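Let me begin by handing over the structure; questions about it come next.
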Amino acid sequence: MIYLKNEEEIELLRENNLLVSKTLAELAKYVKEGVTTLELDKIAEDFIRSHGAVPGFLGYNGFPNSLCISVNENVVHGIPSSYKLRNGDIVSIDCGTILKGFYGDSAYTFAVGEVDQEKQLLMQVTKEALLKGVEQARVGNRTGDIGWAVQRHAESFGFGVVRELIGHGLGRHMHEDPEVPNYGARGRGHLLKAGMVICIEPMINAGTKSVVFERDGWTVRTKDRKPSAHYEFAVAITNNGPDVLTDFSIIEQAIAENN
């Protein structure tokens with residue numbers, strides 16, 4: 001069942017997703033060599049609660065923390081731990097909120113200190129793939145148009161597009177219909193209509209597209225242990241084109257100020 005949102009509901013979703021962006025921007029101050037991923041999790045939870053919201057991931061299907069933090073070869077759903085970030089790491093942070101009955105959900109991949117060229121290119125291309133997917137998030141297109149745009153760009157650089165994990169609808173539930181794969185064929189999939197709100201979230205691997213599900217029941221890593229990057233936007237489908245509810249500029253300003 002696909003739930004179309006009215007203007008008021010879209011604004012509540014925008015409020016949530018801006019809070020997620022602000023949370024990720026707050027974390028940008030602390031994503032440095034020596035900080036533990038569990039410390040980042042605590043900072044995010046405190047920040048979210050101080051703004052009158054609740055962490056969207058905490059307890060979701062039994063997930064134990066407020067953030068999914070995935071370092072280097074970990075693709076998504078990494079559990080915060082005592083691991084200390086190291087110079088050269090890349091760390092994907094996926095964050096969710098619940099405020100006024102709606103969810104926010106977004107992810108950003110951060111560089112820790114100086115990262116190598118492969119990781120720099122991977123991050124750049126993954127973010128570009130996200131933007132190319134957003135361009136296709138228009139009334140009358142289909143989810144396959146989004147996936148095709150993401151896949152085509154990522155694979156043109158020889159990178160692998162994860163198949164097992166995909167984007168989704170967003171609203172009063174964190175995961176709603178439709179599914180939004182990061183691969184596919186043009187003209188296939190669910191028809192995009194005004195009022196839909198979807199999360200587009202490329203998960204792109206430097207090597208093979210194949211992944212392994214770890215024994216902790218959550219963490220997903222690349223099979224070849226090459227690095228992976230993950231960026232996520234919440235996007236409203238409108239008659240005037242895609243309306244991105246997430247604001248990466250807040251995050252990137254914080255990164256610039258703290259480097």
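The residues of the chain are indexed from 1 along the displayed sequence. Keep in mind it's a predicted model, so treat the numbers as computed, not measured.
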Which heavy atom of Met123 sits nearest to which heavy atom of Ala111, and what is that distance?
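Shortest heavy-atom separation between Met123 and Ala111 comes out as CE-N, 3.8 Å.
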Carefully, step by step, assess Ile48 and Val54 under the rule side chain to side chain contact (heavy atoms under 4.5 Å, CB included).
CA-CA 6 Å; Ile48 290 167; Val54 175; 5.7 Å; no
Got Ile237 and Asn141 here, is their nearest side-chain heavy-atom distance under 4.5 Å?
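Ile237 does not reach Asn141 side chain to side chain.
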Nearest-0.5 Å distance, SG of residue Cys199 to NE2 of residue His175
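If I round to the nearest 0.5 Å, the distance is 7.5 Å.
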ILVMFWY network linking Ile200 to Val244, side-chain heavy atoms under 4.5 angstrom:
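Yes.
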Distance-only polar pair, side chains of Glu257 and Gln253, donor-acceptor under 3.5 Å
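Short answer, yes.
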Are Arg14 and Asp243 ion-paired here, with the side-chain N under 4.0 Å from a carboxylate O?
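Asp243 and Arg14: salt-bridged.
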Once you round to the nearest 0.5 Å, how far does NZ of Lys223 lie from CZ of Arg221?
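CZ of Arg221 is found 9.5 Å from NZ of Lys223.
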Less than 4.5 Å apart, any side-chain heavy atom of Pro227 and any of Val115?
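Contact flag for Pro227/Val115 side chains = no.
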Are Glu155 and Tyr183 packed together at the side-chain level, in the sense that at least one heavy-atom pair is separated by less than 4.5 angstrom?
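Side-chain contact under 4.5 Å: no.
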Going by an N to O cut-off under 4.0 Å, is there a salt bridge joining Glu45 and Lys42?
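So Glu45 does not pair with Lys42 through a salt bridge.
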For the backbone of Ala194 and the side chain of Thr238, can you confirm whether one donor and one acceptor N or O come within less than 3.5 Å of each other?
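Such a contact is absent between Thr238 side chain and Ala194 backbone.
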Side-chain donor/acceptor of Asp145 to backbone N/O of Arg142, under 3.5 Å:
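Yes, Asp145 side chain to Arg142 backbone: donor-acceptor pair under 3.5 Å.
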Quick check, are the ring centers of Tyr108 and Phe110 under 6.0 angstrom apart?
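For Tyr108 and Phe110, the ring centres are under 6.0 Å apart.
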Does any N or O in the side chain of Asn72 come within less than 3.5 Å of the main-chain N or O of Ile90, such that one atom is a donor and the other an acceptor?
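Here the side-chain-to-backbone pair exists.
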Going from CD1 on Ile2 to CD on Glu176, what distance comes out if it is rounded to the nearest 0.5 angstrom?
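Answer rounded to 0.5 Å: 10.0 Å.
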Sub-3.5 Å donor-acceptor pair from the side chain of Ser70 to the main-chain atoms of Gly78, do we have one?
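Present.
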I need the minimum non-hydrogen distance between Phe63 and Cys68, along with the two atoms involved.
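Residues Phe63 and Cys68, closest heavy atoms: CZ-SG, 3.8 Å.
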Check the pair Phe102 / Val197 against side chain to side chain contact (heavy atoms under 4.5 Å, CB included), numbers first and verdict last.
CA-CA 12 Å; Phe102 285 84; Val197 175; over 6 Å; no
Is the backbone of Ser249 close enough, under 3.5 Å, to the side chain of Asp247 for a donor and an acceptor to pair up by distance?
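Here the side-chain-to-backbone pair exists.
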Between Val112 and Ile43, is there shared hydrophobic-cluster membership here, with clusters defined by ILVMFWY side-chain heavy atoms closer than 4.5 Å?
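Yes, same cluster.
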Hey, any chance Ile69 and Met203 share a hydrophobic cluster, counting ILVMFWY side chains that come within less than 4.5 Å of each other, even indirectly?
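Per the 4.5 Å side-chain linkage, Ile69 and Met203 are not co-clustered.
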Minimum heavy-atom separation for Gly104 to Asn17, with atom names?
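Between these two residues, the closest heavy atoms are CA-OD1, 3.5 Å.
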Could you go step by step and tell me if Asn16 and Lys100 meet the side-chain hydrogen bond (donor to acceptor under 3.5 Å, both in side chains) rule?
CA-CA 9 Å; Asn16 266 282; Lys100 300 177 183 176; over 6 Å; no
Co-membership, hydrophobic cluster, residues Val220 and Ile79, 4.5 Å side-chain:
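No, because Val220 and Ile79 fall into different hydrophobic clusters, even though each may have its own neighbours under 4.5 Å.
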If we ignore hydrogens and angles and just use 3.5 Å, is the side chain of Asp224 paired with the main-chain N or O of Thr208 as donor and acceptor?
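Present.
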Counting only N and O atoms by type, is there a donor-acceptor contact under 3.5 Å from the side chain of Asp41 to the main-chain atoms of Thr37?
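Not a single qualifying donor-acceptor pair exists.
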Quick one: does Thr246's side chain have a donor or acceptor within less than 3.5 Å of a partner on Ala234's backbone?
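Judged by distance alone, yes, a pair lies under 3.5 Å.
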Heavy-atom donor-acceptor pair, Glu26 side chain to Ala44 backbone, under 3.5 Å:
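Here the side-chain-to-backbone pair does not exist.
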Is the CZ atom of Arg49 crowded by more than 12 outside heavy atoms at less than 6.0 Å?
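More than 12 within 6.0 Å, yes.
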Please step through side chain to side chain contact (heavy atoms under 4.5 Å, CB included) for the pair Glu232 and Asp105, ending with a clear verdict.
CA-CA 8 Å; Glu232 178 179 10; Asp105 185 13; 2.9 Å; yes
Heavy-atom side-chain contact between Ile255 and Ile251 under 4.5 Å:
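Of all side-chain heavy-atom pairs linking Ile251 with Ile255, at least one is under 4.5 Å.
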If you measure from CG on Leu18 to OG on Ser106, what distance do you get to the nearest 0.5 Å?
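OG of Ser106 is found 10.0 Å from CG of Leu18.
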As a quick check of understanding, evaluate side chain to side chain contact (heavy atoms under 4.5 Å, CB included) for Ile204 and Val161, giving each step before the final call.
CA-CA 5 Å; Ile204 308 298; Val161 180; 3.9 Å; yes
Shortest non-hydrogen separation from Leu4 to Met196 and the atoms involved:
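Shortest heavy-atom separation between Leu4 and Met196 comes out as CD2-CG, 3.4 Å.
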Of all heavy-atom pairs between Pro242 and Val235, which one has the smallest distance, and what is that distance?
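Where Pro242 meets Val235 most closely, the heavy atoms are CB-CG1, 3.8 Å.
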Would one find more than 12 heavy atoms of other residues, nucleotides or ligands at under 6.0 Å from atom CZ of Arg163?
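Atom CZ in Arg163 is crowded, with more than 12 foreign heavy atoms closer than 6.0 Å.
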Taking atom types as modelled and ignoring hydrogens, do the side chains of Asn87 and Glu33 form a donor-acceptor contact shorter than 3.5 angstrom?
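Glu33 and Asn87 do not have a side-chain donor-acceptor pair below 3.5 Å.
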Determine whether Asp94 and Phe57 make a side-chain contact, defined as any pair of heavy atoms from C-beta on separated by less than 4.5 Å.
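The answer is yes; the side chains approach within 4.5 Å.
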Determine whether a donor-acceptor pair (N or O, by modelled atom type, separation under 3.5 Å) exists between the side chain of Lys119 and the backbone of Gly88.
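A pair under 3.5 Å: yes.
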Should Tyr60 and Ile166 be counted in the same cluster of Ile, Leu, Val, Met, Phe, Trp and Tyr side chains packed under 4.5 Å apart?
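No.
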Flag side-chain contact, heavy atom, 4.5 Å: Ile198 against Pro178:
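Contact flag for Ile198/Pro178 side chains = yes.
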Nearest-0.5 Å distance that lies between atom CD in Glu39 and atom CG in Leu27:
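So the CD of Glu39 and the CG of Leu27 are separated by 12.0 Å.
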Between Tyr103 and His168, ring centroids under 6.0 Å
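Aromatic pair excluded; centres sit 6.0 Å or further apart.
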A side-chain contact here means heavy atoms from C-beta on lying under 4.5 Å apart; do Thr23 and Leu19 qualify?
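SC-SC contact between Thr23 and Leu19 confirmed.
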Euclidean distance, Leu245 CG relative to Ile10 CD1, rounded to 0.5 Å
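One gets 7.5 Å once the value is rounded to the nearest 0.5 Å.
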Looking at side-chain heavy atoms only, is the closest gap between Val162 and Lys209 below 4.5 Å?
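No - every pair of side-chain heavy atoms lies 4.5 Å or more apart.
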Once the angle between the rings of His153 and Phe157 is folded into 0 to 90°, is it parallel (under 30°), tilted (30 to 60°) or perpendicular (over 60°)?
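Ring orientation, 0 to 90° scale: perpendicular.
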Show the nearest heavy-atom pair for residues Lys32 and Leu85, with the distance to one decimal.
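Smallest heavy-atom distance, with atoms named: O-CB, 3.6 Å.
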